[in-house]
Each structure stands twice: as structure tokens, then as C-alpha cells.
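For reference, the structure discussed in these notes is given below.
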2 protein chains.
Amino acid sequence: MDKSNINTYFHSLFPIPEPVVEKITATFCPFTLEKNTVLLDKDTISTKTYFLEQGYVRSYILNEDNEEVTTNIYTAPCFVNDFLSFFKKQPTKEVYQTLTDCTFWETNFDNVQANFHNITEFREFSRLLFVINYYKLNDRLIEMASQKAETRYLNLLKVQPHIFQHVPLKIIASYLGITDSSLSRIRKEISKM
Amino acid sequence: MDKSNINTYFHSLFPIPEPVVEKITATFCPFTLEKNTVLLDKDTISTKTYFLEQGYVRSYILNEDNEEVTTNIYTAPCFVNDFLSFFKKQPTKEVYQTLTDCTFWETNFDNVQANFHNITEFREFSRLLFVINYYKLNDRLIEMASQKAETRYLNLLKVQPHIFQHVPLKIIASYLGITDSSLSRIRKEISKM
DNA sequence: GTAATTTCTTGTCATTTATCAAGTGACTAA
DNA sequence: TTAGTCACTTGATAAATGACAAGAAATTAC
């Protein structure tokens with residue numbers, strides 16, 4: 001039960017005294033999932049917060065044609081949460097699935113709630129987590145609206161090169177908002193240069 | 001100083017006893033801005049939280065070619081905030097500008113902070129605001145990645161028809177991630193049917 | 001280790017959207 | 001009132017990306 005990775009993650013976002021972090025993570029339980037396992041299925045209500053310690057996870061929706069559209073790719077270490085489902089207790093629209101073997105820590109809503117209302121530093125941390133996630137999403141939206149696929153691909157390659165070692169291209173393509181054929185052609189073009 | 005609109009907005013998101021809402025909004029000050037005025041400029045640090053009581057506001061960035069890309073359109077009543085700038089005290093990347101004459105209420109960081117740590121209901125409210133904003137952004141991202149411009153236009157027309165009465169088409173086009181010429185053609189196509 | 005399945009690439013062609021330029025109508029300022 | 005600006009439309013053409021199908025390469029399952 002080595003929680004050093006979670007604890008480090010907390011410290012990295014917000015300065016928190018060691019004993020406080022330990023109190024926050026006291027209720028976190030570890031578990032592992034194999035590659036291609038569903039962590040949280042659609043139309044269910046998320047009752048847990050997940051900390052992804054090792055591995056890759058994606059979320060995806062099924063569109064009108066029942067095709068999977070990847071909405072997010074999560075890279076450890078990070079929290080994986082369906083905010084709407086977890087905090088508003090609504091069914092998820094998205095499926096959360098492991099892309100590699102993964103190790104997680106989880107805790108439930110009541111624990112999060114107790115920490116949120118009782119521990120000043122956890123409140124700040126939580127808010128910061130929202131701010132950062134919102135900001136990342138906003139950046140991706142701007143990218144999607146204002147840059148062409150090739151630019152988005154090159155940017156992902158620059159910022160998260162390791163993703164390409166662990167995630168199939170068809171999933172990356174759908175995350176970039178294009179088809180796998182288009183991504184293949186873009187890669188071919190770039191390799192020529 | 002009639003705060004009934006803010007108070008109603010608080011109640012609509014989260015059940016809060018009247019005296020608590022009044023305590024929360026006690027520090028809010030009203031002000032008005034004319035059409036096409038900058039509320040929050042880029043490269044500045046946001047020191048206020050704004051509640052938009054009446055009117056329309058947009059945020060936009062300038063891309064590499066110095067063209068304005070509209071990132072969000074805010075419709076009263078709602079909070080208008082640059083989360084990253086306000087909470088992490090970083091310079092904004094976006095410009096926030098009124099699209100019509102607007103009335104606002106504002107309060108500063110210290111007040112938000114005091115309420116956040118002292119008032120349980122405000123904590124819940126704040127978190128809910130983040131959850132909802134995150135969810136909206138996520139929905140837009142999915143739309144942008146998986147649906148064509150015409151579908152996105154029709155959806156906006158269905159969900160927020162009033163925007164079309166108050167916001168120039170060129171701004172709506174850029175919000176939809178397309179050029180104004182394309183939007184014009186899409187509208188022409190649809191009107192034929 | 002071989003068959004089955006999945007992923008990736010590539011070809012052809014169609015669709016969507018952008019670019020650029022010109023023109024119209026509406027609003028604005030002196 | 002008149003010139004100037006801005007929003008919108010439209011035309012011609014080009015660029016970006018998608019759809020579908022076939023085959024190659026990689027991975028998985030037994």
C-alpha cells in the first residue's frame with residue numbers, strides 16, 4: 001500500500017503538509033485493471049473517484065452511427081473522473097476504458113465530501129483540479145476550432161509523445177477529431193519532409 | 001441594488017437558504033458596460049468574478065494570423081469567469097468583450113475565498129458551477145469533433161435561438177468553428193428546404 | 001504456431017469547408 | 001448628406017478531410 005505516488009501528485013499541484021495529505025488519502029484503496037477493461041460504463045452513475053497511478057485510460061462516446069468517438073486520453077499520474085456523474089449523480093454518457101494494464105486508487109463520494117468540507121487544503125486542491133481540467137479542455141476546443149488536423153497531430157506528438165507508444169493510432173485519430181485513414185495520410189506526408 | 005436576479009440564480013443551481021444567499025452576495029457590486037466594451041483584456045490577471053445579469057458577452061483569442069476566434073458566448077444570467085486567471089492568478093489568453101449593453105455584478109477574490117472556506121453551501125455551489133461549465137465545454141468539444149458544421153449550426157439554433165437576435169453572424173460562425181462565408185452558405189442551403 | 005482478428009495503410013472518389021475577391025446593404029461619424 | 005466602415009452574401013476555385021474498399025502488417029487467441 002505505497003501511496004507515495006498519490007501523495008506526490010497532491011504536493012505537485014498545491015503545497016500541502018505531509019500529515020494532511022496522508023489524512024486525505026487514508027481512505028484510498030488500490031486496485032488494478034487489465035488492458036481493455038471498462039472502468040466506468042455509460043448509463044451508470046459514478047460512485048468513485050479514481051486516481052490513475054500507472055497506465056493509460058480513455059473515455060469515449062458512441063455517436064449516432066454507433067461509432068466510438070474518443071473524448072479524452074488520460075495519462076498517469078492523474079485523476080480520472082466523470083465530474084457530472086460523480087458530483088450530480090447522473091448517468092454517464094461516456095465509457096471509460098483502460099488502454100493498457102493500469103493501477104488505480106479509488107475512494108467514494110462520502111470520503112471526498114468529508115475531505116472537501118473539512119480540510120481547507122483539499123478544497124483548494126479540488127478547485128485547482130477543476131481549474132486545470134477546464135483549462136485543458138478549453139485549449140483543446142480552441143485547437144479543434146482553429147487549427148487543422150496536421151497541426152493538432154504535431155502538437156500532440158510534441159506535448160505527449162509517449163501516448164503514441166501505448167495507444168492505437170485509430171484511437172488517437174478519433175481523439176484528434178479525424179478518421180484513421182486521414183491520420184495515416186498525415187503521418188505519411190510528415191515523414192516525407 | 002436589487003439582487004433578486006443573482007439570488008434566483010443561486011437558488012436555481014443549488015438549494016440555499018435565503019439568508020445564506022444574502023450573505024454570499026453581500027459583497028457583490030453592480031456596474032454596467034456599453035456594447036463592444038472590453039470586460040477583461042488579454043495578458044491581464046482577472047481579479048474579479050463577474051455575474052452577468054443582462055446582456056451578451058463573448059470571449060475570444062487572437063490566433064497566429066491575428067484573427068479573432070470566438071471561444072465562448074455568454075448569455076445572462078450566468079457567471080463570466082476566466083477560471084485559470086482568477087484562481088491561479090495567471091494572465092488571461094482571451095479577451096472578454098460585451099456584445100450588447102450589459103449589467104453585471106462583481107466581487108473580488110478575497111470575498112470568493114472567504115465564502116468558499118466559510119460557507120458550506122457556497123462550496124457546493126462553486127463546485128457545481130465548475131461541474132456544469134466543464135460539462136458544457138465537453139459537450140461542445142464532442143460536437144466539434146464528431147459533427148459537421150451544419151449540424152452544429154442547427155443545434156445552436158435550437159438550443160439558443162435568441163443568440164441570433166443579438167450576436168453578429170460572423171461571431172457565431174467563429175464560435176461554431178467555421179468562416180462567415182461558410183455559415184452564410186449553410187444558412188442559404190437550409191432556407192431552401 | 002497457425003488461424004483469426006484487429007490495426008494500419010493506400011487508392012479512388014465524394015463531400016465539406018476554406019480562401020479570395022467582389023458586390024450589396026446597413027449603420028456610423030463628421 | 002456623404003464617405004467610410006462593417007456585416008453579410010455570393011461566385012469561382014482550392015484545400016482538407018471523409019467514405020469505402022482492398023490489402024498488408026501486427027496482434028491475439030487457441
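Proteins come first, then strands; the chains are lettered A, B, ... in the order of their sequence lines, and each starts at number 1.
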Check your understanding: Of the options F109(A), Y50(A), Y96(A), F79(A), which is the one that meets F86(A) in a ring pair (Phe, Tyr, Trp, His ring centres under 6.0 Å)?
Key -> F109(A)
Practice item. Apply the ring pair (Phe, Tyr, Trp, His ring centres under 6.0 Å) test between F130(A) and each candidate in F87(A), F125(A), Y135(A); give the one that qualifies. Key: F87(A)
Exercise for review: Please collect all side-chain hydrogen bond (donor to acceptor under 3.5 Å, both in side chains) contacts where either partner lies in residues 152-167 of chain A, sequence neighbours excluded, each pair once.
Suggested key: Y56(A)-H166(A), E143(A)-N155(A), Y153(A)-R187(A), Q160(A)-H162(A)
Exercise for review: Check the pair K93(A) / D43(A) against salt bridge (Lys or Arg N to Asp or Glu O under 4.0 Å), numbers first and verdict last.
Suggested key: CA-CA 6 Å; K93(A) 286 187 193 170; D43(A) 300 327; over 6 Å; no
Exercise for review: Keeping to residues at least two apart or across chains, list the salt bridge (charged side-chain N to carboxylate O under 4.0 Å, His left out) pairs with something in residues 162-179 of chain A.
Suggested key: none
Practice item. Please list all pairs passing the salt bridge (charged side-chain N to carboxylate O under 4.0 Å, His left out) test where one or both residues lie in residues 115-133 of chain A, with sequence neighbours left out. Key: E124(A)-R127(A)
Exercise for review: List in chain and number order the residues that pass ring pair (Phe, Tyr, Trp, His ring centres under 6.0 Å) with F104(A), two or more places apart in sequence or in another chain; answer none if no residue qualifies.
Suggested key: F31(A)
Figure out the [atom1]/[atom2] separation between [X] and [N], and round it to whole Å.
| X | N | atom1 | atom2 | result |
| --- | --- | --- | --- | --- |
| L183(B) | dA7(D) | CG | P | 14 Å |
| M144(A) | dA16(D) | CE | P | 18 Å |
| I178(B) | dA16(D) | CD1 | P | 18 Å |
| I172(B) | dC8(D) | CD1 | P | 8 Å |
| K188(A) | dA16(D) | NZ | P | 16 Å |

**Study point:** Backbone N/O of E34(A) and side chain of T98(A): donor-acceptor pair under 3.5 Å
**Key:** yes
Provide a list of protein-nucleic acid N or O atom pairs under 3.5 angstrom, restricted to nucleotides 12-15 of chain D.
| residue | atom | partner | partner atom | Å |
| --- | --- | --- | --- | --- |
| dA12(D) | N6 | R185(B) | NH2 | 3.3 |

Revision key, fill the gap. Using a 4.5 Å side-chain heavy-atom cut-off and chaining through intermediate ILVMFWY residues, the residues clustered with I61(A) come out as V69(A), I142(B)
Point to revise | Point-to-point distance, once rounded to the nearest 0.5 Å, from CG of N81(A) to OH of Y74(A) | key: 8.0 Å
Review item, nucleotides 24-28 of chain D N/O atoms under 3.5 Å of protein N/O:
| residue | atom | partner | partner atom | Å |
| --- | --- | --- | --- | --- |
| dT28(D) | OP1 | K35(A) | NZ | 3.4 |

Could you tell me if the side chain of [Y] sits less than 4.5 Å from the side chain of [X], heavy atoms only?
| X | Y | answer |
| --- | --- | --- |
| T47(B) | N108(B) | no |
| L62(A) | K42(A) | yes |
| P19(B) | K23(B) | no |
| R58(B) | N72(B) | no |
| I171(B) | L99(B) | yes |

Check your understanding: Using rotation axes that map the C1' atoms of four end pairs onto the next four (five pairs an end), what angle separates the end axes of the helix from dG1(C)-dC30(D) to dA30(C)-dT1(D), to 10°?
Key -> 60°
Practice item. Could you say whether Q147(A) or S182(B) is positioned toward the 5' end of DNA chain D, judged by the nucleotide with the nearest heavy atom to each? Key: S182(B)
Revision key, fill the gap. With sequence neighbours left out, the residues meeting salt bridge (Lys or Arg N to Asp or Glu O under 4.0 Å) with E22(A) are none
Exercise for review: Tell me which residues in residues 158-169 of chain B put a heavy atom below 4.0 Å from DNA chain C, sorted by number, or none.
Suggested key: none
Point to revise | Members of residues 66-73 of chain A that approach DNA chain D, where some heavy atom sits under 4.0 Å away | key: none
Review point. Given dC8(D), is OP1 or OP2 found less than 4.0 Å from the side-chain N or O atoms of S184(B)?
Key: no
Check your understanding: Contact boundaries of DNA chain C with chain A (under 4.0 Å, heavy atoms), 5' to 3'?
Key -> dT7(C) to dT12(C)
Review point. With a 6.0 Å cut-off on ring centres, are Y9(A) and F51(A) close enough?
Key: yes
Review point. Can you tell me if CD on Q90(B) sees more than 12 non-hydrogen neighbours from other groups inside 6.0 Å?
Key: yes
